[in-house]
Amino acid sequence: MEVTVEGCKAIVADKWALLLVSRLGDGPRRFTELKRGIDGISQRMLTVTLRSLERDGLLTRTVHNVMPPNVAYELTPLGRAMLDAATPLMDWSGKNLTLIQEARDEYDARAGDAPA
């Protein structure tokens, strides 16, 4: 199997994947807990992203046969390794969010003034 840049980007650059992996870093979570904890994610997108992460071997899905039935998601060792690798990048992003937004605002202002 050949490793491609596109294959790597599909996991790391996914809008929701890192957020979900991060949320699962503290332990197993139920679907509804994940949905409530991630602002702006739709139920469908949460389902699609969880299935993709499960397919990639980053998390496990466990169905608990209780009434009512519930499903829990948990990081695998591979998912935990991804979280360990991504944490410094997420920390950097959080620390620099204000500067990034300022740069975006300046760029947008210049782009709005640029001749067409």
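FYI, the numbering just counts along the sequence from 1.
- Within the 4.5 Å cutoff, the side chain of R29 has heavy atoms near those of the D26 side chain.
- Taking OG1 from T76 and CG from L78, the interatomic distance works out to 5.0 Å, rounded to the nearest 0.5 Å.
- Interatomic distance, M45 CE to L20 CG, rounded to the nearest 0.5 Å: 11.0 Å.
- Residues Y73 and R61 are in side-chain contact: their nearest non-hydrogen atoms beyond the backbone lie under 4.5 Å apart.
- Residues passing the side-chain contact (heavy atoms from CB on, under 4.5 Å) test with A86 are L18, M90, sequence neighbours excluded.
- In terms of heavy atoms, V66 sits closest to N70 at CG2-ND2, 3.6 Å.
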- request: Take L99 and N96 through the side chain to side chain contact (heavy atoms under 4.5 Å, CB included) test and state the conclusion after the steps.
  value: CA-CA 5 Å; L99 294 172; N96 291 286; 3.6 Å; yes
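- With rounding to the nearest 0.5 Å, the separation of OG1 in T60 from CG in L53 is 11.5 Å.
- R55 is linked by a side-chain contact (heavy atoms from CB on, under 4.5 Å) to nothing, counting only residues two or more places apart in sequence or in another chain.
- When all heavy atoms of P88 and A85 are compared, the pair lying nearest together is CD-O, 3.4 Å.
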Pair up each side-chain donor or acceptor in residues 100-107 with any protein partner under 3.5 Å, not counting sequence neighbours, and list the distances.
unit_1: Q101; atom_1: NE2; unit_2: D105; atom_2: OD1; d: 2.9

Side-chain atoms of residues 31-41: list all donor-acceptor pairs with protein atoms under 3.5 Å, sequence neighbours left out, distances to 0.1 Å.
unit_1: T32; atom_1: OG1; unit_2: R36; atom_2: NH2; d: 3.4
unit_1: E33; atom_1: OE1; unit_2: R30; atom_2: N; d: 2.7
unit_1: K35; atom_1: NZ; unit_2: I41; atom_2: O; d: 3.0

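- For the side-chain contact (heavy atoms from CB on, under 4.5 Å) test, residues two or more places apart in sequence or in another chain that qualify with V48 are R44.
- Rounding to the nearest 0.5 Å gives a distance of 7.0 Å between CG of L59 and CG of L75.
- In this structure the side chain of L50 never reaches within 4.5 angstrom of the side chain of T47, judged on heavy atoms.
- Here the straight-line distance linking atom OG of S42 with atom CH2 of W16 works out to 8.0 Å at 0.5 Å rounding.
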